[in-house]
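Here the structure is laid out as structure tokens; the discussion comes afterwards.
Count residues from 1 along the sequence.
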Amino acid sequence: MFAAPRALNGGLSREGSRPLEAALAAGLPPHTLMQRAGLAAAEWARRVLPDTARRLLILAGPGNNGGDAFEMACHLKAWHYRVQLVFIG
């Protein structure tokens, strides 16, 4: 079992999120976790963006977080956003 990480500005710090990620990833195929992270990020973006924001630029770095950005872009595109994704890495 792990202790719940402390919130930082309404979110989790990088160090605080690692035990949570490890617990969530246990027993899941790696791509499943990435799909879920991308979906959560896309849902968050849809919630916080104004209704008129239909064009988005997403910057993706290397590693798993970059993969999450690709998944996020796929979901937003499926919801009819005009998405431009730039890989930096």
Side-chain angles (χ1 to χ4, degrees):
M1 211 61 172
F2 65 93
R6 199 171 92 174
L8 176 67
N9 294 332
L12 296 176
S13 68
R14 180 184 295 178
E15 296 78 23
S17 68
R18 290 188 199 230
L20 181 58
E21 287 176 348
L24 292 172
L28 290 177
H31 192 68
T32 301
L33 188 58
M34 194 172 291
Q35 287 173 328
R36 290 180 181 178
L39 176 59
E43 288 173 338
W44 173 83
R46 192 166 59 168
R47 237 182 2 262
V48 301
L49 291 171
D51 290 338
T52 56
R54 301 310 293 176
R55 297 180 68 185
L56 301 171
L57 171 64
I58 298 174
L59 303 176
N64 291 336
N65 287 340
D68 297 345
F70 277 83
E71 289 286 344
M72 177 185 183
C74 289
H75 289 292
L76 290 167
K77 189 153 180 69
W79 297 332
H80 306 289
Y81 285 87
R82 292 179 61 195
V83 176
Q84 183 175 7
L85 186 135
V86 177
F87 178 72
I88 301 170

Less than 3.5 Å apart, which donor and acceptor atoms pair up between the side chains of residues 68-88 and the rest of the protein, not counting sequence neighbours?
residue, atom, partner, partner atom, Å
Glu71, OE2, His31, NE2, 3.1

- request: Applying side chain to side chain contact (heavy atoms under 4.5 Å, CB included), name anything that partners Ala53, two or more places apart in sequence or on another chain.
  value: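 Checked Ala53 against side chain to side chain contact (heavy atoms under 4.5 Å, CB included); matches are Leu49, Pro50.
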field: From CE (Met34) to CG (Asn65), nearest 0.5 Å
entry: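 Answer rounded to 0.5 Å: 8.5 Å.
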